[in-house]
Structures are given as C-alpha cells and as structure tokens.
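Report on the structure given below.
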Amino acid sequence: MHKIMHEMNTEIACFRLGGIHVIPVTSPEIAREFLKKQDSIFSSRPVCMSAELTSSKYLSAVLSPSGNQQKKMKKIVISSVLSPAKHRWLHGKRIKEADHLVNYILNQCNNSLTGGEVNIRIAARHYCGNVTRRLFFDKRFFGRGTEDGGPGTEEVEHVEALFTILDHLFAFSLSDYVPWMRSFDMDGHEKILSMAVGSVRKYQDPEIDRRNEMWKNGLKKEEEDLLDVLIMLRDGTGRPLLTTEEIKAQIMELMLAAVDNPSNAIEWVLAEMLNQPELLQKATQELDTVVGRDRMVQEFDLPRLKYLKACIKEAFRLHPISPFNVPHVSTQDTIVGGYFIPKGSHVLLSRLGLGQNPRIWEDSLKFKPERHLEDLDELKVDLNNQELHFLSFSIGRRGCPGVQLGSTMSIMLLARLLHSFTWEIPRGLSRIDLTESPLFAIAKPRLAII
Ligand code: HEM
C-alpha cells in the first residue's frame, strides 16, 4: 500500500479488498479529520479472525467493535486499571522491576563468558513483560527465572507468544475479506494464533482461577494488584461486575498492549545512539545533571529528562513497531478530506507514512531527537503527539488510555540503561546495521553504587 501510494503521490487511498474498502492515510491533516472532527463515526474496530480469537469473541476493550461490551470494558480499563490514582498505587511494583533490570544487566557485565554482551531485545521485552506481570499478578516470573535474573522458559514462552499474537493481529489474512474461506485457513494464521493464544493463557488463566478461589475461600482480604481490583469490582447491586472470562480476555489484551511499543522504541534509540555517540553523550550528560551519580533514576526524575524523552519520541516517529495503527471502522457513510467514505470502511492511519512524511518533517529519514525538544513539557512524562505528525499513542475515543504507564515504562527503561551502564558496539563491528536485529551491545557499570 505504501509503495502504491508513493507511486501515485497521494496521502490517502482506497483499496478494495474483497467487499471491504481499506483506506490508508499518511497525511496528518486528514488523519486529524478522522480522529478529531469525525471521531465518533470512526471509532469501531474490524470483525476479523485475529481479533475474535485474541479477545475471546470480543469480550475486551481494545479489539472489540464499538458497542455496549466495548464501552463497559473501556470504562473499567480507564477508571480502575489505568487511572492516575492506580498509577500512584502501583509505583512500588514498577520500581521493583526497574531495579531488577539493572541487576539483570549487572549480572551479565560480571559474566566472564559473555563479557558484558547484552541482548537488548531480550532485556527490553522482558522488562516490559516483568512490569506488566508485576502489576497484574504481583509476580515477575510464572516459573523461577534464570540464575542471573533473566527470563525462565515460562517467561520466554509467554513473551514470545505475545509477540506472535501481535505479529498476526490485523495482519493481512485472506479470510477476513473473503469470509467463506475461513475454514481452509489458507495462510495458516488461525492455527498460529490459536497456539499462541493458548500459550499465553496457559500461564495467565490458572493465576486468575487461583486468585478467584482465594477470594471465595476468604484466603485473600486485601487488594494487592490489578487482578484483585478486577475480581473485586461490583455493580450497583453488589454483584461482580466482570465474569472470569471477561477478566481473562482483558488481561490478555493489556499484556499485549504494554509489551511491544516501549521495548521496540528503546531498542531503536540505543541502536541509533551507538551509531551516533554524540547522542549517547548528550543523554548521559542530561542524566548526570538531573539525577547525579550517587543514586539511581527514579520516576520523579522522568519528566525533566527532556532529551531522553525527545529520543523516544524520535524512535516512535522513525521506527514505529507496526506500519499502521490499529484499524478504525466507520459506522456510517461520510465525507472526509473531500472523499466519500462508505460505512464499514477500514481506516488505517499509517504510522510509517505520518512519521516519515517529507512534507511535515525535514530530513525525514534522519534520527534527530532535537526536533522534539521545543514541544516537550518538563512537568509531564507524556510522549504523545496530538497533531498526529507522528502516531505514538493516537488520539480520540480509541486513543491509548495507557499514555502515562507506557511513557513511564519507556523513559524508565531507557534512563536506567543509560544512567547505570556505558554501552559500546560489540567487538568486531564498526557500527550497528539498523536493519539487522536483535541489537546486541556491550555494557559496563557506570555508577559506583550498583
Ligand atoms: C509506549 C507505549 C504505548 C504506545 C506507543 C501505545 C500505543 C497505542 C496505540 C497506537 C493504540 C491504538 C489507538 C487507536 O486505535 O487509534 C493503543 C490503544 C490502546 N492501548 Fe496503548 N500504547 C502503549 C502502552 C499501553 C499500555 C502500557 C497500556 C495498558 C496496559 C495500553 C493500553 C491500551 C488500550 C486499552 C488501548 C485501546 C483503546 C481503545 O481501543 O479504545 N497501552 N495504544
């Protein structure tokens, strides 16, 4: 789609796939018309195989088409899971995992076999997985982890399965456009997704069942994590607000929502910094000025780390985790940017096309964090872009309600890596090939206190 749009020199197009109009957009002005001016018309989601399997037939907030169930779940996610009060309540759990990240990398520095060579992708993805498991289940590992604090087989399977699901969610699958072909599973997506969903649920669901039992048996009396919160929600008549199936589906979805964007952005920032060491130097200078060298970075430091925040925004702009935003579906005929958009169209805001639009961004393919410095607020962690000049958390009714948590996780991950360690390109390489992955880098302790 991007290639055809480039050839046609257009920032909006319409592709007819089966019976569905699919509309990719790379213009921020038109994107804002979809998500600001006409947001209420474009706030549904597609009905498709991948969303159906992942959301247990549309029980949860992110993947369900608009309607009563989606409204109920989104309200709960906003008010009971991601509210500012809950964010403050969960502070200790997030810090536990930030401390653990530093210990895990320190153990790799001290490992004479690897000589401090760290797989950044594993460190970053597992930090995100650990934080999210900690918030929901009050545990880092489903099993015992490895001796150096790394993920055990259970966490490896869990996080790999989450990424397999993310890779296939809304990926092009023939039967989504030609429904009678679904039983043939021609591209094998249904089989892959069913197995990955099974792998995630194999670990999460027994935790949820056990916890339910504990509340029922009176073994649990106090809410200690988000799973307790979800189990204890009550409606006006005192009955549980959520069924166990709804809790299982919603936690699955929030695990997916939290794991990919922060880890992907930080892997890219570090790769870019290794190739442009002056960026690394600026970031560490900022950390030394704001935090000093005799303690570790804490969450209250994060809003003032303007350069780091600019680096992460630049990674969201230039290296988004996915080429397109989660699809939005229109619920009535309308006109946008002068074009007729029929009811049921799938609108794909292009994360790549918006972030790299040469009309908006000078030198659009260059990683230049400075371009974001002016827009940053020293009092906030928020890494969103309301103008949709690039798409990080998106805006409007379907915009991400995890801006505070997602921004905090991303900045803390980068800040702890850069403040606690020095980083170098692995021996034998002169620069990082940005198309090659995952990223490996050599860490050495930087702070005397760790
Ligand atoms: C750097 C981190 C994150 C980024 C960049 C990000 C980005 C996004 C994007 C692009 C969307 C789709 C918006 C749209 O459809 O227009 C979204 C939706 C969502 N995100 Fe995030 N997200 C992040 C972290 C999180 C976290 C940590 C959570 C919660 C654990 C979360 C929960 C959600 C939910 C519930 C939705 C669905 C909103 C809806 O459909 O109504 N996100 N996010």
Side-chain angles (χ1 to χ4, degrees), residues 25 31-32 34-36 39-40 42-46 51 54-55 58 60-67 69-83 86-87 90 93-94 124 127-129 131-136 162 166 169-170 226 230 249-269 309 312-313 315-317 319-329 346-352 354-355 381-386 388 390-414:
V25 178
R32 288 199 298 271
F34 279 112
L35 295 200
K36 271 191 179 161
D39 184 31
S40 62
F42 290 98
S43 59
S44 197
R45 299 281 195 215
T54 310
S55 66
Y58 308 109
S60 48
V62 189
L63 302 173
S64 301
S66 46
Q69 180 65 17
Q70 175 263 335
K71 278 205 191 82
K72 167 184 165 184
M73 300 308 279
K74 178 94 185 254
K75 199 167 155 207
I76 289 171
V77 168
I78 290 176
S79 60
S80 304
V81 177
L82 297 170
S83 68
K86 282 291 180 308
H87 190 76
L90 295 164
K93 296 190 197 303
R94 292 191 300 274
Y127 162 77
C128 296
V131 171
T132 321
R133 281 189 292 269
R134 177 71 67 192
L135 300 184
F136 281 97
L162 289 173
L166 287 163
L169 252 179
F170 303 118
L226 290 172
L230 292 175
Q250 195 52 67
I251 291 185
M252 150 73 88
E253 214 180 47
L254 292 171
M255 278 281 167
L256 290 164
V259 79
D260 59 344
N261 277 291
S263 55
N264 176 68
I266 289 354
E267 190 178 349
W268 277 108
V269 172
K309 290 193 290 183
I312 301 172
K313 280 191 155 187
F316 286 146
R317 180 189 75 79
H319 304 296
I321 178 85
S322 54
F324 292 105
N325 186 25
V326 186
H328 286 232
V329 173
H346 292 191
V347 176
L348 297 179
L349 299 190
S350 166
R351 294 182 80 173
L352 272 179
L354 291 167
V381 291
D382 187 340
L383 299 173
N384 206 359
N385 180 281
Q386 296 291 334
L388 296 180
F390 64 92
L391 194 146
S392 54
F393 294 88
S394 190
I395 55 171
R397 279 180 176 70
R398 284 291 186 155
C400 177
V403 176
Q404 195 180 15
L405 176 59
S407 300
T408 301
M409 284 168 71
S410 307
I411 309 168
M412 183 57 101
L413 171 58
L414 182 62

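Since the model is a prediction, treat every value here as computed from it, not as a measurement. Index from 1, following the sequence. Excluded from the calculations below are hydrogen atoms, water molecules and symmetry mates; all remaining heavy atoms, backbone and side chain alike, are included. Both ligands and their constituent atoms are indexed starting at 1 by order of listing.
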### Query
Would one find more than 12 heavy atoms of other residues, nucleotides or ligands at under 6.0 Å from atom NZ of Lys36?
yes
### Query
Between Asn325 and ligand 1, which part of the residue brings a heavy atom under 4.0 Å of the ligand: side chain, backbone, both or neither?
side chain
### Task
Give the contacting part of Ala258 toward ligand 1: side chain, backbone, both or neither, where contact means a heavy-atom distance below 4.0 Å.
both
### Task
Please check if the side chain of Ser263 supplies one atom and the backbone of Asp260 the other of a donor-acceptor pair under 3.5 Å.
yes
### Query
Going from OG on Ser79 to NZ on Lys86, what distance comes out if it is rounded to the nearest 0.5 angstrom?
8.0 Å
### Message
So, taking the atom named CE in Met255 and the one named CG in Leu135, what distance separates them when rounded to the nearest 0.5 Å?
### Response
8.0 Å
### Task
Consider every N or O of Ser394 and every N or O of ligand 1, then say whether any pair is closer than 3.5 Å.
yes
### Message
Would Lys74 count as being in polar contact with ligand 1, using the rule that some N or O on each side must be under 3.5 angstrom apart?
### Response
yes
## Note on the structure
Contact region, Arg45 to ligand 1, non-hydrogen atoms below 4.0 Å, reads side chain
### Query
Under 3.5 Å, N or O to N or O, is Gln70 touching ligand 1 that way?
no
### Query
Where on Thr132 is there a heavy atom closer than 4.0 Å to ligand 1, on the side chain, on the backbone, on both, or on neither?
neither
### Task
Decide whether an N or O pair under 3.5 Å exists between Arg351 and ligand 1.
no
### Query
At a non-hydrogen distance cut-off of under 4.0 Å, which region of Leu383 contacts ligand 1 (side chain, backbone, both, or neither)?
neither
